[in-house]
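Only one structure is covered here, and it is reproduced in the block below.
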Amino acid sequence: MAPPVRYCIPGERLCNLEEGSPGSGTYTRHGYIFSSLAGCLTKSSENGALPVISVMRETDSQLLPDVGAIVTCKVSSINSRFAKVHILYVGSTPLKNSFRGTIRFPLTLRFFFSQVEIYKSFRPGDIVLAKVISLGDAQSHYLLTTAENELGVVVAHSESGVQMVPISWCEMQCPKTHTKEFRKVARVQPEFLQT
């Protein structure tokens, strides 16, 4: 009969270092092994050595945005100080669940223009490349920036619903109506272009 499965949560003390050595999904502190994941506890030993204590998730692991990661997100709302976004991709990997992020106004441009405002950089529905600069907290979620030439709006639709074409670093144009709209346009690098 197989031993019962033991589930553990992050921060749960599993055993002391004299009873086993830390494996994946664990960390040590003050002579004890703790779980860093929610999952199943596993112990494996070879040749009479101390067992390796690991915590494994039952499902495929979720990729999380980390500081410095380039993310693809969709603008959900804007106001005079920031744009709220849903993070959809980390690099080129799609996320199973979207995460919320915030792009604050001073972090949209590399240099400060007093006449540039957040509504001239993004609009709800825009697809934006951004960089994670902080993991944030419960209220602010991920803090993102577009203050590099390679970051900004990559896909935007005009009021007539047609995908717009970038014409400069700060404008996009509707090919149907020829109206121009302000955006903080990303200079997309060739390695990110798909043919």
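Keep in mind the model is a prediction, meaning the values are calculated, not measured. Throughout, numbering of the chain's residues begins at 1 and tracks the sequence.
- Residues M164 and P175 come closest through the heavy atom pair CA-CD, 4.2 Å.
- Between A156 and V153, the shortest heavy-atom contact is CB-CG1, 3.9 Å.
- Ring geometry for F34 versus Y27: interplanar angle under 30°, hence parallel rather than tilted (30 to 60°).
- I127 and I70 fall within the same hydrophobic cluster, defined by Ile, Leu, Val, Met, Phe, Trp and Tyr side-chain heavy atoms under 4.5 Å apart, directly or through other members.
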Problem - Residue pair R183, F122: steps toward the side chain to side chain contact (heavy atoms under 4.5 Å, CB included) verdict - result: CA-CA 6 Å; R183 295 290 199 282; F122 312 107; 5.7 Å; no
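- When side chains are defined from C-beta on, E159 counts as touching E181, because their heavy atoms get closer than 4.5 Å.
- With S36 contributing its side chain and G25 its backbone, the two residues share a donor-acceptor pair below 3.5 Å.
- One finds the CG atom of L95 at 13.0 Å from the NE2 atom of H86 (value rounded to the nearest 0.5 Å).
- Of all heavy-atom pairs between I33 and S21, the closest is CD1-C, 3.7 Å.
- Residues V75 and R123 form no side-chain contact, since every pair of their non-hydrogen atoms from C-beta on lies 4.5 Å or further apart.
- Taking all atoms of both residues into account, the shortest heavy-atom contact from C15 to I53 is SG-CG1, 3.9 Å.
- When every heavy atom of R6 is checked against every heavy atom of R13, the shortest pair comes out as NH2-O, 3.9 Å.
- L151 is connected to V155 through a chain of hydrophobic side-chain contacts under 4.5 Å among Ile, Leu, Val, Met, Phe, Trp and Tyr, so both are in one cluster.
- A distance-only check finds a donor-acceptor pair linking the side chain of S76 to the backbone of K84 [under 3.5 Å].
- Smallest separation of non-hydrogen atoms from C8 and S35: SG-OG, 3.7 Å.
- One hydrophobic cluster, built from ILVMFWY side chains closer than 4.5 Å, holds both I87 and V67.
- Side chains of V128 and L144 form no contact here, defined as non-hydrogen atoms less than 4.5 Å apart.
- Hydrophobic clustering keeps V52 apart from V55 (ILVMFWY residues linked when any side-chain heavy atoms are closer than 4.5 Å, directly or through intermediates).
- Between V71 and V85, the closest side-chain pair of non-hydrogen atoms is not below 4.5 Å.
- Under the 4.5 Å side-chain criterion, counting only non-hydrogen atoms from C-beta, L129 is not in contact with T146.
- Using a 4.5 Å heavy-atom cutoff, the side chains of K180 and Q173 are in contact.
- Note on V162: it does not cluster hydrophobically with V185, by side-chain heavy-atom contacts below 4.5 Å among ILVMFWY residues.
- At least one side-chain heavy atom of Y142 sits under 4.5 Å from a side-chain heavy atom of L135.
- Other members of the cluster containing I9 do not exist, because no ILVMFWY side chain is joined to it at under 4.5 Å.
- For E19, the salt bridge (charged side-chain N to carboxylate O under 4.0 Å, His left out) test picks out no residue, with sequence neighbours left out.
- Atoms CG and OG1, on L88 and T72 in that order, are 7.5 Å from each other to the nearest 0.5 Å.
- The shortest side-chain heavy-atom distance between L17 and L50 does not fall under the 4.5 Å cut-off.
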Exercise for the section: Test S121 against F182 for side chain to side chain contact (heavy atoms under 4.5 Å, CB included), laying out the working first. Expected result: CA-CA 6 Å; S121 298; F182 290 106; over 6 Å; no
